[in-house]
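A note on names: the letters A, B, ... follow the listed sequences, proteins ahead of strands, and every chain is numbered from 1.
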Number of protein chains: 2
Amino acid sequence: MKNDNAKDSPEHKAMAEAAIAVLDTRFLKALTDPTRVQIVKKLILLGTCDVTTIAKGLSQDRSVISRHLGTLEQARITTSRKVGRRVLHDIDGPYVVQKVTLILGALQPMAELCIPFAQFDKDGEAA
Amino acid sequence: MKNDNAKDSPEHKAMAEAAIAVLDTRFLKALTDPTRVQIVKKLILLGTCDVTTIAKGLSQDRSVISRHLGTLEQARITTSRKVGRRVLHDIDGPYVVQKVTLILGALQPMAELCIPFAQFDKDGEAA
DNA sequence: GCTATATGTGCATATGTGTGCACATAAACA
DNA sequence: TGTTTATGTGCACACATATGCACATATAGC
């Protein structure tokens, strides 16, 4: 049987490149820590917030929360403004949604192109 | 000025809960390692593949690739079948797309509800 | 000025994670 | 049967990361 896989097409290669390229490690890593996720939740609920208020209720030290906020800001998930002696943080919702939208757009073709063992079940082909 | 923030509405609270709940740590963590991302890319390009073939071309030891494949499988990003002495791996495209779709669906409201400093710029309110 | 409050950082530490080597197991093959 | 190939795992080690404490800095308020 001839090897006329869809996997050999340029479209397929381009899809693979696009899918990998869009996986921003810094963005994803920022969302993998439970404490950071709690911070995000709190910011969603409270809105614009200073460090001390965010740290209130969380078990970690305030300095730890401060560091996590730095990580979230580097990932562009949050932004901050200095107001007097306080530093106010807030979530950048539009950026987050745009980011995930890009990821989904790049991965979307996988729903049809990456059905597990489809080609293998068809004619027993595996690299 | 009265505190009639949209943040106090039940819809907003529900959105926060849904957004946090959908952030599957295991799923996201699996995609944060560069080596695992390379494995995913290779599986997209080659399709159904055994461990040795995947490890070929990657700098890490084959045993390391084996472990990474275990991590990806636990995250349900890949599936595997034992065929003879080989173990074939493949990407579960439909699952991955479904997962990201759920994430985007839960985060979508943030595009409008979490515009940074919007409320603060409006009337100088911050927790 | 002095004091209190808010924040970030250096440092030490505990825990998690990626890596490679050696080895055991399982299956195909001569 | 003995050998080769494919895979997973125990172990040790290097490195990253999360955490807390102490401290320095900056700003508001007295």
Hey, does [X] reach any base, or is it just sugar-phosphate, or nothing, if we go heavy atoms under 4.0 Å?
| X | value |
| --- | --- |
| A:V64 | base |
| B:S80 | nothing |
| B:T35 | sugar-phosphate |

Does [X] have a side-chain nitrogen or oxygen under 4.0 Å from the phosphate oxygens OP1 or OP2 of [N]?
| X | N | value |
| --- | --- | --- |
| A:S63 | C:dT7 | no |
| B:S66 | D:dG8 | yes |
| B:T52 | D:dT7 | yes |

Nearest of [options] to any side-chain atom of [X]?
| X | options | answer |
| --- | --- | --- |
| B:R85 | D:dT7, D:dT19, C:dA27 | C:dA27 |
| B:Q60 | C:dG18, C:dG20, C:dT9 | C:dG20 |
| A:R67 | C:dC11, D:dA6, D:dT9 | C:dC11 |

Between [X] ([atom1]) and [N] ([atom2]), how many Å, whole number?
| X | N | atom1 | atom2 | answer |
| --- | --- | --- | --- | --- |
| A:K29 | C:dG16 | NZ | C1' | 12 Å |
| B:R62 | C:dC21 | CZ | P | 12 Å |
| A:L58 | D:dG20 | CG | P | 11 Å |
| B:I39 | D:dT7 | CD1 | P | 13 Å |
| B:H89 | D:dG8 | NE2 | P | 5 Å |
| B:R86 | C:dA26 | CZ | P | 20 Å |
| A:D61 | D:dT19 | CG | C1' | 8 Å |
| B:H68 | D:dG8 | NE2 | P | 14 Å |

(message) Need to verify one output field. Residue with the more 5' nearest nucleotide on DNA chain D, B:V51 or A:T32?
(response)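 That would be B:V51.
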(message) Test side-chain contact (heavy atoms from CB on, under 4.5 Å) on A:V51 and A:R62; report intermediate values, then the result.
(response) CA-CA 7 Å; A:V51 182; A:R62 183 199 45 76; 4.1 Å; yes
(request) Flag the pair A:Q108 / A:L104 as yes when at least one side-chain heavy-atom distance between them is below 4.5 Å, and no otherwise. (result) yes
(request) May I ask you to test the B:T71-B:I77 pair for a side-chain heavy-atom distance under 4.5 Å? (result) no
(message) By the definition side chain to side chain contact (heavy atoms under 4.5 Å, CB included), identify the one residue from B:I91, B:L69, B:T78, B:D33 that meets it with B:I39.
(response)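 It is B:L69; the other options fail the test.
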(message) Please determine whether a side-chain nitrogen of the Lys or Arg among A:D121 and B:R81 lies less than 4.0 Å from a carboxylate oxygen of the Asp or Glu.
(response) yes
